[in-house]
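Report on one structure; see the data block that follows.
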Amino acid sequence: MKVHKYSEYPDTALIAQLSTGDKKAFAELFERYNAILYGHAYNKLRDREEARDIVQEVFVKLWEKRETLD
């Protein structure tokens with residue numbers, strides 16, 4: 001059985017996996033981009049709670065639209 005090392009996948013491969021409903025690919029994308037997105041949101045808003053909410057919404061939308069990703 002082949003073990004997937006998602007941390008070694010490029011983003012494009014993770015998106016391809018995500019589009020098939022792969023929750024581990026989604027988790028890897030979350031790990032890669034959560035802090036970065038939060039940092040950008042916080043720098044714009046200067047509100048921790050609002051920044052967390054926005055980043056969460058981004059990931060919710062990503063999951064909801066996973067089947068239509070290119």
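Just so we're clear, the structure is a prediction, and the values are computed from it rather than from any experiment.
Of all heavy-atom pairs between Tyr6 and Leu14, the closest is CD2-CD2, 3.6 Å. Heavy-atom minimum distance, Gln17 versus Ala25: CB-CB, 3.6 Å. The shortest heavy-atom contact between Trp63 and Lys23 is CH2-CG, 3.7 Å. Residues Ala16 and Ser19 share a closest heavy-atom pair of O-OG, 2.7 Å.
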Notebook entry, point to check: Taking it one step at a time, do Tyr38 and Arg48 satisfy side-chain contact (heavy atoms from CB on, under 4.5 Å)?
Noted result: CA-CA 9 Å; Tyr38 172 80; Arg48 290 183 176 128; 3.2 Å; yes
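For the atom pair Leu45 CG and Asp53 CG, the distance stands at 10.0 Å (nearest 0.5 Å). Put simply, CG on Leu18 and CG on Leu62 are 5.0 Å apart, with the number rounded to the nearest 0.5 Å. With rounding to the nearest 0.5 Å, the separation of CD in Glu49 from OH in Tyr42 is 12.5 Å.
Side chains of Leu37 and Ile54 form no contact here, defined as non-hydrogen atoms less than 4.5 Å apart. With contacts defined as side-chain heavy-atom distances shorter than 4.5 Å, the pair Phe59/Asn34 qualifies.
Cluster annotation: Ile36 and Val55 are assigned to the same hydrophobic cluster (Ile/Leu/Val/Met/Phe/Trp/Tyr, side-chain heavy-atom contacts under 4.5 Å, transitive). In the hydrophobic clustering of this structure, Tyr33 groups with Leu69; members are Ile, Leu, Val, Met, Phe, Trp, Tyr whose side-chain heavy atoms approach within less than 4.5 Å, directly or through other members.
Between Arg32 and Glu28 a salt bridge is recorded (basic side-chain N to carboxylate O distance below 4.0 Å). With salt bridges taken as basic N to acidic carboxylate O contacts below 4.0 Å, none links Arg66 and Asp22.
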